[in-house]
Amino acid sequence: YRCPLGREIIENSVLLDNIKAALRCAKTRMSAAFTGETLADTEYPSASRLKAAALAGEEHLLSFLESCGGLSASAAAAWRISPAEFEKFADNSLTSAARKAKLVTLGSEPVLGYYMAREAEFKNLRIIYCGIKCGDPPERIAERLRELYD
C-alpha cells in the first residue's frame, strides 16, 4: 500500500465503528439480521464473531473484546466506564495514529494528519459550545475534550 498510515487509520476507524455498532446492538438487543447488516467485514475480530458475541449480550461482547487484546480490549475498557468515554477513546486513538504523519515530509501522510487535526479541533469546538449552551461547569467540559494533534 502506498500510504501505510492511511491504511492503519482506516482499519482502526472501521474496527472502532464495528465495536460501537456491536455494543449498541447488544445493548438494545437488536435482531441477528440487523446486527449482521450493521457490521463491516474486518479481519480481526471478524464481523461474524462480533455479531455472535453481540447476540449473546453486552457483557459477553465486552468479555470477547477484552480477550481479543489490543485496541479491542482498550475499547471495551472505555465502554465499561461509559459510552461517552468510549467515543472519546475512539477519537483519541485515531488522533494518536495520525500523529505519525509528523514524521513524514513527502506524501499523503501530512495531508491526512492535517485533516485529522482539523477534525479534532472542530469536535472540541462543538463540545465546548454545547457545554456552554447547556450550562455545564468548565471541569465537565474539559473532561470531554479530545486530544489534539499538537
Side-chain angles (χ1 to χ4, degrees), residues 1 3-101 108 111-149:
Y1 296 96
C3 181
L5 177 62
R7 180 178 172 83
E8 177 186 350
I9 289 170
I10 290 169
E11 286 176 352
N12 287 351
S13 178
V14 170
L15 174 62
L16 290 165
D17 285 345
N18 263 3
I19 290 171
K20 180 182 358 177
L23 285 164
R24 289 180 176 172
C25 286
K27 189 172 192 77
T28 58
R29 295 184 176 96
M30 297 304 288
S31 69
F34 182 87
T35 304
E37 288 293 317
T38 303
L39 302 175
D41 197 22
T42 55
E43 192 171 314
Y44 184 77
S46 68
S48 60
R49 292 186 71 195
L50 270 175
K51 175 184 168 184
L55 292 174
E58 184 179 2
E59 188 56 41
H60 187 270
L61 176 58
L62 289 168
S63 297
F64 168 70
L65 290 171
E66 290 166 346
S67 72
C68 291
L71 190 62
S72 300
S74 300
W79 182 272
R80 286 192 187 278
I81 296 169
S82 74
E85 186 64 29
F86 172 84
E87 294 289 339
K88 182 178 176 179
F89 166 78
D91 290 341
N92 289 345
S93 64
L94 294 176
T95 301
S96 177
R99 279 195 192 105
K100 297 175 188 173
S108 58
V111 175
L112 181 60
Y114 177 80
Y115 172 78
M116 295 200 59
R118 298 295 72 90
E119 284 293 312
E121 288 176 358
F122 290 141
K123 260 185 197 171
N124 278 344
L125 287 173
R126 278 184 243 135
I127 290 168
I128 292 168
Y129 173 75
C130 289
I132 290 170
K133 190 174 179 181
C134 293
D136 290 340
E139 304 82 36
R140 186 165 180 188
I141 295 171
E143 73 185 22
R144 291 181 178 169
L145 293 177
R146 298 340 192 216
E147 291 177 5
L148 292 179
Y149 185 74

Between Leu61 and Ile19, does a side chain to side chain contact (heavy atoms under 4.5 Å, CB included) hold up when you go through it step by step? CA-CA 9 Å; Leu61 176 58; Ile19 290 171; over 6 Å; no
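Thr38 and Cys25 get closest at one heavy-atom pair: OG1-SG, 4.3 Å. Here the closest non-hydrogen pair linking Leu55 and Ala32 is CD1-CB, 3.6 Å. The heavy-atom pair separating Ala98 from Ile9 by the smallest distance is CA-CD1, 3.9 Å. Residue Ala22 comes nearest to Leu50 through the heavy atom pair CB-CD2, 4.3 Å, listed as atom of the first residue, atom of the second, then distance. Taking both residues in full, the closest heavy atoms of Ala26 and Ala54 are given as CB-O, 3.4 Å, listed atom of the first, atom of the second, then distance. For Asn124 against Arg146, the heavy-atom pair with the smallest separation is OD1-N, 2.7 Å.
A ring-ring contact (aromatic ring centres under 6.0 Å, His included) check over residues 61-95, counting only residues at least two apart or in different chains, returns the pairs Trp79-Phe86. Among residue pairs with one or both ends in residues 48-76, those qualifying as salt bridge (charged side-chain N to carboxylate O under 4.0 Å, His left out) are Lys27-Glu58, Glu59-Arg80, Glu66-Arg80; sequence neighbours excluded. Sorted by first and then second residue, the salt bridge (charged side-chain N to carboxylate O under 4.0 Å, His left out) pairs involving residues 67-78 (not counting sequence neighbours) form an empty list.
At least one donor-acceptor pair under 3.5 Å links the side chain of Asn92 to the backbone N or O of Glu147. The closest donor-acceptor contact from the side chain of Asn18 to the backbone of Leu39 lies at 3.5 Å or more, if one exists at all. Put simply, the side chain of Arg99 never gets that close to the backbone of Gly113: no donor and acceptor are under 3.5 Å apart. Of the possible donor and acceptor atoms, none in the side chain of Ser46 sits under 3.5 Å from a partner among the backbone N and O of Thr42.
Counting heavy-atom neighbours within 6.0 Å of Glu37 CD, excluding the residue itself, gives a total of 12 or less.
Between atom CD1 of residue Ile132 and atom CD1 of residue Ile127 there is a gap of 12.0 Å, rounded to the nearest 0.5 Å. Atom SG of residue Cys130 and atom CG of residue Leu125 lie 11.0 Å apart, to the nearest 0.5 angstrom. How far CG of Leu15 is from CG of Leu71: 5.0 Å, rounded to the nearest 0.5 Å.
Residues Arg140 and Glu143 are in side-chain contact: their nearest non-hydrogen atoms beyond the backbone lie under 4.5 Å apart. Side-chain contact between Glu119 and Lys123: absent, with no pair of heavy atoms (C-beta onward) separated by less than 4.5 Å. Taking the side chain as every heavy atom from C-beta outward, Leu148 and Thr95 never approach each other to under 4.5 Å. No side-chain heavy atom of Ser93 sits less than 4.5 Å from a side-chain heavy atom of Ser74. Residues Asp136 and Arg144 meet the side-chain proximity criterion, which asks for heavy atoms closer than 4.5 Å.
The pair Lys88-Glu85 fails the salt-bridge criterion, with no side-chain N (NZ, NE, NH1 or NH2) lying under 4.0 Å from an Asp/Glu carboxylate O.
Geometrically, Arg118 engages Tyr114 in a cation-pi contact, judged by NZ or CZ lying under 6.0 Å from the ring centre and within 45° of the ring axis.
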